[in-house]
Amino acid sequence: MSEAHLAARRQQILDAARACFLRNGFHQTSMQDVIREARLSVGAVYRYFPSKNDLITALAEQVVGEVVAVFTALGAQDPPPPLAEVMQRAVDVITPETGPDGRFRLALHVWSESLRDPALAEFVAGIYGRLRTIVIALARRARDHGELPPDSDPEAVGVVLLGMMPGYALQRILTGGPEPDVFKAGLRTLLARPAG
């Protein structure tokens, strides 16, 4: 089989898993449910994903991969874009994933399950560690280019900026708001360059 066919089959299974997890929750979904939803044989599904945890981590990696790609691309620009712009781009990636079929809704299941499952907890910690490193590097570049005060701590700034993104996603999932433009306006205000 071609690489394109294998990738399409893998995505078909992930789409089926996402639909099942969103409809029934992580614990109420079995591998048999995913197999039925995907309309594939047992062997075809297990060939790609031996367990539910493999499915959920693959789905989480897709979302994180998009956020990492945005942050990495912005971090490579010279001069670096303002932190407000970086965070607004993250909002653009996150917003569609908080809707009814969004992958960030699965994050609630992953976070909950990671409290009980050491392997999943390690995976989640790795994801957040990777994102934290990137955002801290962006904060360091912002300090080095005069956007932040010279004595600011890039690690402190980075961990706060990273914390804003799950907070935004959680608000949208649980309450339906805020609207992206409102959140972006708040980011611009908080991250405005100091006068002078």
Side-chain angles (χ1 to χ4, degrees), residues 6-72 87 89-136 155 158-178 180 183:
L6 294 172
R9 180 61 50 90
R10 185 176 190 277
Q11 190 59 51
Q12 178 183 354
I13 297 165
L14 288 173
D15 291 343
R18 181 173 67 181
C20 290
F21 291 149
L22 288 171
R23 184 172 52 242
N24 303 321
F26 186 70
H27 283 290
Q28 299 303 316
T29 297
S30 69
M31 286 298 284
Q32 289 302 317
D33 295 329
V34 174
I35 291 163
R36 273 193 299 278
E37 184 80 20
R39 298 180 184 193
L40 294 171
S41 70
V42 171
V45 172
Y46 279 101
R47 173 181 178 196
Y48 292 92
F49 302 101
S51 72
K52 281 199 304 187
N53 275 11
D54 293 318
L55 287 164
I56 201 77
T57 55
L59 287 166
E61 278 287 355
Q62 285 182 333
V63 176
V64 170
E66 291 173 26
V67 175
V68 166
V70 167
F71 282 157
T72 301
M87 297 305 290
R89 291 286 304 279
V91 167
D92 291 339
V93 172
I94 290 169
T95 300
E97 298 299 341
T98 61
D101 295 329
R103 289 176 284 187
F104 260 93
R105 289 182 172 268
L106 294 177
L108 300 178
H109 297 283
V110 174
W111 295 338
S112 174
E113 187 62 19
S114 71
L115 298 175
R116 292 184 292 276
D117 182 330
L120 198 53
E122 185 178 337
F123 169 77
V124 169
I127 283 178
Y128 280 97
R130 199 165 83 207
L131 287 171
R132 186 181 305 116
T133 299
I134 293 169
V135 178
I136 289 169
E155 183 172 352
V159 297
V160 169
L161 292 177
L162 180 60
M164 289 179 179
M165 294 300 92
Y168 169 68
L170 190 60
Q171 285 185 75
R172 287 189 55 81
I173 291 167
L174 297 178
T175 70
F183 197 80

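Side-chain atoms are counted along with the backbone in the values below, which use heavy atoms only and exclude waters and symmetry mates. Note that the coordinates shown come from a computational prediction; the quantities given were computed from them, not determined experimentally.
Two residues are said to be in side-chain contact when any heavy atoms from C-beta on lie closer than 4.5 Å; L55 and Y48 fail this criterion. Residues P180 and R172 form a side-chain contact, since some pair of their non-hydrogen atoms from C-beta on lies under 4.5 Å apart. No side-chain heavy atom of Q28 sits under 4.5 Å from any side-chain heavy atom of R23. Two residues are said to be in side-chain contact when any heavy atoms from C-beta on lie closer than 4.5 Å; N53 and F26 meet this criterion.
With a 6.0 Å radius and a threshold of 12 heavy atoms from other residues, nucleotides or ligands, E61 has its CD atom above the threshold. Within 6.0 Å of CZ on R116 lie more than 12 heavy atoms contributed by other residues, nucleotides or ligands.
Using modelled atom types, one side-chain atom of T95 and one backbone atom of V91 make a donor-acceptor pair closer than 3.5 Å. A side-chain donor-acceptor contact under 3.5 Å links T57 to the backbone of D54. Under a 3.5 Å cut-off, the side chain of S114 and the backbone N or O of W111 do form a donor-acceptor pair. A donor-acceptor contact shorter than 3.5 Å is absent between the side chain of E155 and the backbone of I136.
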* Give the intermediate values and the outcome of side-chain contact (heavy atoms from CB on, under 4.5 Å) for residues V124 and E113. => CA-CA 10 Å; V124 169; E113 187 62 19; over 6 Å; no

* Asked: Is there a side-chain contact (heavy atoms from CB on, under 4.5 Å) between R9 and L40 once you walk through the steps?
  -> CA-CA 9 Å; R9 180 61 50 90; L40 294 171; 3.3 Å; yes

* To do: Apply side-chain contact (heavy atoms from CB on, under 4.5 Å) to R105 and F21, showing your working.
  => CA-CA 9 Å; R105 289 182 172 268; F21 291 149; over 6 Å; no

* To do: Take F123 and I56, measure what side-chain contact (heavy atoms from CB on, under 4.5 Å) needs, and give me the verdict at the end.
  => CA-CA 10 Å; F123 169 77; I56 201 77; over 6 Å; no

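The closest side-chain donor-acceptor pair between Q62 and E97, if any, does not fall under 3.5 angstrom. D33 and N24 form no side-chain donor-acceptor contact under 3.5 Å, judged by distance and modelled atom types alone.
Rounding to the nearest 0.5 Å gives a distance of 12.0 Å between CE of M164 and CD1 of I94. L106 CG to R18 CZ: the interatomic distance, rounded to the nearest 0.5 Å, is 7.5 Å.
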